[in-house]
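Convention: sequence-line order gives letters A, B, ...; per-chain numbering from 1. From a predicted model like this one, the values you see are computed outputs, not experimental measurements.
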Amino acid sequence: MPQKDLLRATEHGLYCEAGDFHIDPWIPVDRALITHAHGDHARWGSRAYACSTECERVLRTRMGPEANITTYQWGSRTTINGVHVSFHPAGHILGSAQIRVEHRGETWVVSGDYKTEPDPTCSAFEPVPCNVFVTESTFGLPIYRWEPQSETFSAIAEWWRSNREAGRASVIFAYALGKAQRLLAGLAPNAQGNFYTHGAVERLNRDYRDGGITLPPTTYAASVPKGHDWTGALIIAPPSAAGSTWLRRFGQVSTAFASGWMRVRGARRRRSVDRGFALSDHVDWPALMNAIQATGAGRVLVTHGYRDTVVRALREQGLDADTLASRWEGETEEDVVAAGEAIPE
Amino acid sequence: MKRFAQLFTEIDATTRTTEKVEAMSRYFTSANPGDAAWAVYFLSGGRPKRLVPVRRLADWAMEESGVYDWLFEESYHAVGDLAETIALLLPDSSSSSDEPLHVWVERKLLRIGTVGEEEQKAIVLEAWRSLALRAYDRAALSCLLKVGLSAAWFWAAPTIVPAPFFQLVGLGIFMAWVIGLVSAWRLATDAHHLRQRLGIDLRRRSARA
C-alpha cells in the first residue's frame, strides 16, 4: 500500500493528519498554521493560530486582539503531535513564511507566497531542502520576468517627478499589506515630494514600523485639511480606491498600479490607470524554476496560479509534479480586498 | 528608431488624449521628414499584407527564447497579442543600435518581403538582438514587421514632392486624422455608455425588426 501523503487538501484546507493541524485553512479549524497574513491565506475564526514571530503584528491586526496566536522564531523547531514543524522566511511580505513539516524521515515544505528578490521590508527568502515542495504559481508563465527592481523604482520616481512638474498629484495603487510598504521603502531614497496614505495602508505602516522596519514619514491623507495643494504628493492607496470618490480630494492626478500583472499591456488597459509598474512580491518564471530546483525536491505540488502550465513544464524536466487544489489566490488580477482592508474614510 | 520607440512608449503610457497628441507633436517637430512620414504611416495603423508569415515569426521567437511550442501557446493565450508575446519572451539584449526609422524601414523591413526565408530570419533575428529595445519597444518593432509594401506611397512621396510642401500637407493630413479619430472614439464610447446605461441591446432590436 502506498504511503499516505503527509499533507493533503481537504474541504477545510491543507491538512496534516499525523499532526492534526491545517496550513492556511480557508474554513475555521482548531489549529491553523499561517504562512502569511494576506486575506486568502489567513482566514478569520480558527481557534488557535501559529505563525512566525515577524508575522504576529500584522496577523493580529487582521485577526483581531482576541485571536489566540503562538509565534515561532525563524528555523526554530516545534513538535505538534509528533510532527516536527518550523517556519522559514519566504520573502513575500513582513513575516511571510514557508512552513517545513517533517515526519518519519519525510520533509514537506509549503511555500505560501514567496519571492527571491531582496526586500528591505521583510526577511529574505531562503531555500529549504525537502522531499516534497508545495509551491505557488501566481506568475507561472515565461512572459513574467521582472526587471531589476532598482529600474522599476527609478521609473516610478520619474513618473512622480513629471507629475509634480505638470502640477499633478501621483496616486499609486498597491496592495495595502506588503506592496505599499515595499514601495515606501524603495521610493524613499528617490522621493520627489511627501508620502500620503489611505487609511488601510497607514494602519499597516504602523505595524511595520512597530516591527522595526524603517519606512519614510507618511501622512494619513484624510487627516489633511481641505484646500491642501496636492501638487507633487505621492498617495499610496489600495486597488479598491481606484475610481472611487475618495480620489476627488486630490484634484488633478495621474494614476498608476504597482503589480506583477502590469507586465502585460492588456492588464494595464483593463485597469484604466495611466501607468502600470510591474513590481511583484511573487517569483517570476525564472525565479520559480530556480527556487523549485534549489529545494532538491523530487516531488512538487503546484497550487494557486498557472498550475497546469507549471506542472507540465516541471514534468518535462523530469520531476514528479502535480496540481494541488486550494482556495488560495495569490495576487489575483481582480481586487481581492480582505476584510478590514478597505476602510471607508 | 529609438526615438520612434520612445514615442510609442509615451503614447502608450497615458490615457489622456491631449498628452498623446503632445507626445506626437514633440516627435514631429524634431523628426526628419523621412522618419516623420513613416511614423505617420505606422501610427495611422495601416494593416497591409504581412511581410513575414506570423507562424514563422512565432517559430523564430520560440527558437530565440528557448520556450517550447505549447508554452508559447499558453503565453500567447495570456497576453492576447502575438507581437507583445514575442516581445515579452525574447531574452533581454545588451547591445544597441540607433538607425533612423526611415533607414531601418527602407533598408531592412521592406527588403524582408523580397528575400528568401533564411535571409528573412537573419534580418529579423538581427533586429531582435541589436535593436536591443526594452520589452515595449520590441512590441512596437514586432508590430512594424506586420506592415507591408503598400507603404510605398509614403516611401516614394518625399522624393517626388518637395520636402516643405510634403511636411506641411503631411502634418495637415495627420492633424485632421488625429482629430477625426479622437472625435470618432469619443462618439463611439459615449454612445456605448449611453446604450449600456439605458440597457439597449442593438442586436436584439434588429433581430426583432
Exercise for review: Kindly indicate, with the supporting measurements, whether the criterion side-chain contact (heavy atoms from CB on, under 4.5 Å) is fulfilled by A:Trp285 and B:Val67.
Suggested key: CA-CA 12 Å; A:Trp285 174 265; B:Val67 166; over 6 Å; no
**Study point:** Pairwise side-chain contact, B:Ser65 with A:Pro142, heavy-atom cut-off 4.5 Å (strictly under)
**Key:** no
Review point. Does atom CZ of B:Arg107 have more than 12 heavy-atom neighbours, drawn from other residues, nucleotides or ligands, at distances under 6.0 Å?
Key: no
Review point. Does A:Arg269 CZ have over 12 foreign heavy atoms under 6.0 Å away?
Key: no
Exercise for review: State which residues pass side chain to side chain donor-acceptor pair (under 3.5 Å) with A:Gln252; sequence neighbours excluded, sorted by chain then number.
Suggested key: none
Point to revise | A:Arg265 (side chain) donor-acceptor with B:Glu84 (main chain) under 3.5 angstrom | key: no
Check your understanding: Which pair of heavy atoms, one from B:Arg16 and one from A:Asp274, lies closest together, and at what distance?
Key -> NH1-OD2, 3.5 Å
Check your understanding: Can you tell me if B:Glu74 uses its side chain to pair, donor with acceptor, with the backbone of A:Leu141 under 3.5 Å?
Key -> no
Review point. Atom OG of A:Ser162 and atom CD of B:Glu19: how far apart are they, to the nearest 0.5 Å?
Key: 8.5 Å
**Study point:** Partners passing side chain to side chain contact (heavy atoms under 4.5 Å, CB included) against A:Glu316 (at least two apart in sequence or in another chain)
**Key:** A:Arg312, B:Tyr68, B:Trp70
Exercise for review: Please step through side-chain contact (heavy atoms from CB on, under 4.5 Å) for the pair A:Arg268 and B:Asp12, ending with a clear verdict.
Suggested key: CA-CA 10 Å; A:Arg268 192 171 77 249; B:Asp12 190 48; 2.6 Å; yes
**Study point:** Contact origin within A:Ala313 toward chain B - heavy atom pairs under 4.5 Å
**Key:** both
**Study point:** Enclosure of A:His228 NE2 (heavy-atom neighbours >12, cutoff 6.0 Å)
**Key:** yes
Check your understanding: If you draw a 6.0 Å radius around CD in A:Gln149, do more than 12 non-hydrogen atoms from other residues or ligands fall strictly inside?
Key -> yes
